[in-house]
Amino acid sequence: MPTDFTETRAQFDLPDGMIYLDGNSLGPLPRAAAARVAHTITEEWGKMLITGWNKAGWMDLPTRVGDRIARLIGAEAGHVVLGDTLSIKVYQALASAVDMAPDKRVILSDTGNFPSDLYMANGLCRTLGDGYELRTVAPEDVAGAIDDTVAVLMLTEVDYRTGRRHDMPALTAKAHAHGALAIWDLAHSAGATDVKVATGGADFAVGCTYKYLNSGPGGPAFIYVAPRHADVAHPALSGWLGHEAPFAFDLDYRPGQGIERMRVGTPPILQIAALDAALDIWDDVEITDLRARSLELSDAFIAGVEASCPTLTLATPRDHVMRGSQASFHHPEGYAIMQALVARGVIGDFRAPDIIRFGFTPLFIGLDDVAGAVAILAEIMATDAWDRPEYRTRAKVT
Ligand SMILES: Cc1ncc(COP(=O)(O)O)c(C=O)c1O
């Protein structure tokens with residue numbers, strides 16, 4: 001059965017009059033999430049208290065819900081676990097990966113990567129010392145920069161600013177041919193594209209759940225470890241819940257079985273409950289339908305904006321193969337333009353230095369929203385309605 005996107009849209013609580021093109025940054029509230037979290041609070045935490053860890057199955061939630069994400073990213077069941085923030089999961093994957101290529105010292109990434117990933121890599125290099133270095137090249141130069149010195153290739157599949165998508169299978173194959181491991185950050189891929197980590201050959205993958213997967217602000221990240229590494233990857237963040245027997249309280253750390261070892265500490269149960277409810281919506285979604293719909297939406301938006309806003313320059317690849325699920329445009333006054341849009345109920349965001357960014361999330365965005373957003377943007381550009389001092393004042397979060 002083809003995915004019914006009218007049905008998925010009905011499962012979100014979206015404010016009237018708002019066109020929400022920012023689900024690539026923070027997903028909206030699934031109707032079922034509030035009730036699920038309330039149930040977890042009153043019936044589980046409230047009535048079971050600490051016995052909830054066993055009685056309500058809280059302890060298994062990170063892997064049980066991790067399996068639901070595995071389906072969406074083409075991972076083998078039993079190889080995804082939830083916990084911590086994405087920055088932490090990047091560090092964890094990277095530390096394990098460099099440990100598996102002990103004769104090499106280079107972490108290769110690109111200048112389009114999310115800064116936190118690069119900061120984490122630099123922090124790890126400083127901690128390790130011993131000649132470890134982070135090497136960054138332009139996104140289009142990554143393939144040519146993979147050589148025998150590279151220990152780990154660490155990339156974000158879809159660029160957070162432009163929406164440019166890397167070729168995961170090809171770059172991973174090249175990394176493997178040079179004896180390197182590949183880590184993929186799926187922050188802008190999970191729930192957004194037809195990414196497939198298993199057939200793509202990824203050694204590790206990480207991602208967040210508060211964007212396209214709609215777990216809410218601060219929802220936990222996930223990590224995938226390929227089955228071939230699951231029992232050999234050494235966890236650098238060796239917290240007690242990644243121990244083989246946490247409640248033995250041994251003084252010596254022994255890694256847990258497989259993906260369990262990538263757990264660190266106490267999981268955020270309320271936030272995972274919200275995520276679990278949000279993932280119910282995905283049960284009736286075919287990823288191939290999602291991908292086709294996402295491209296249809298971004299194509300329509302790009303065509304509409306280019307026809308009506310000549311001073312905006314497309315930053316996103318036209319080629320579908322190279323595009324994630326967003327459309328971005330350059331303009332020197334991008335910040336003010338976005339504030340004018342937000343004031344009129346069209347929510348996107350701004351990424352320095354000059355990018356206005358719009359996410360296309362088929363679960364709740366349709367062609368009517370695209371047409372509405374294009375019309376409002378065209379009106380703002382035609383009348384210079386963005387040119388007001390209050391639209392230039394930068395807020396803390398852009
Ligand atoms: C590609 C990418 N990596 C890492 C992060 C950092 O995630 P967190 O704040 O959950 O650590 C983000 C956040 O948006 C991101 O987009």
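Atom set for the values below is all heavy atoms of this structure, side chains included, hydrogens, waters and symmetry mates excluded. All values derive from a computational prediction rather than experimental measurement. All ligand and atom numbering here is 1-based and tracks the order in the structure.
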| query | Any idea how His188 and Tyr160 line up, ring-wise: parallel (<30°), tilted (30 to 60°), or perpendicular (>60°)? | reply | tilted
| request: Tell me whether the guanidinium CZ or amine NZ of Arg105 lies under 6.0 angstrom from the six-membered ring centre of Tyr132 and within 45° of its axis. | output: yes
| message | Can you confirm whether Gln257 is buried at CD, in the sense that more than 12 heavy atoms of other residues, nucleotides or ligands lie under 6.0 Å from that atom? | response | no
| said: Please enumerate all residues that pass side-chain contact (heavy atoms from CB on, under 4.5 Å) together with His330, with sequence neighbours excluded. | reply: Thr313, Ala315, Asp354, Ile355
Note every protein N or O atom lying under 3.5 Å from an N or O atom of ligand 1, pairing the names and giving the distance.
unit_1, atom_1, unit_2, atom_2, d
ligand 1, 3 (N), Asp117, OD1, 3.0
ligand 1, 3 (N), Asp185, OD2, 2.8
ligand 1, 7 (O), Tyr210, OH, 3.2
ligand 1, 9 (O), Tyr210, OH, 3.4
ligand 1, 10 (O), Leu86, N, 3.2
ligand 1, 10 (O), Tyr210, OH, 2.8
ligand 1, 11 (O), Thr85, OG1, 3.4
ligand 1, 11 (O), Leu86, N, 3.4
ligand 1, 11 (O), Ser87, N, 2.8
ligand 1, 11 (O), Ser87, OG, 2.6
ligand 1, 14 (O), Lys211, NZ, 2.8
ligand 1, 16 (O), His188, NE2, 2.8

| query | Has Leu49 got more than 12 heavy atoms of other residues, nucleotides or ligands less than 6.0 Å from its CG? | reply | yes
| note | When rounded to the nearest 0.5 Å, the distance separating NE2 of His79 from CZ of Arg228 is 11.0 Å
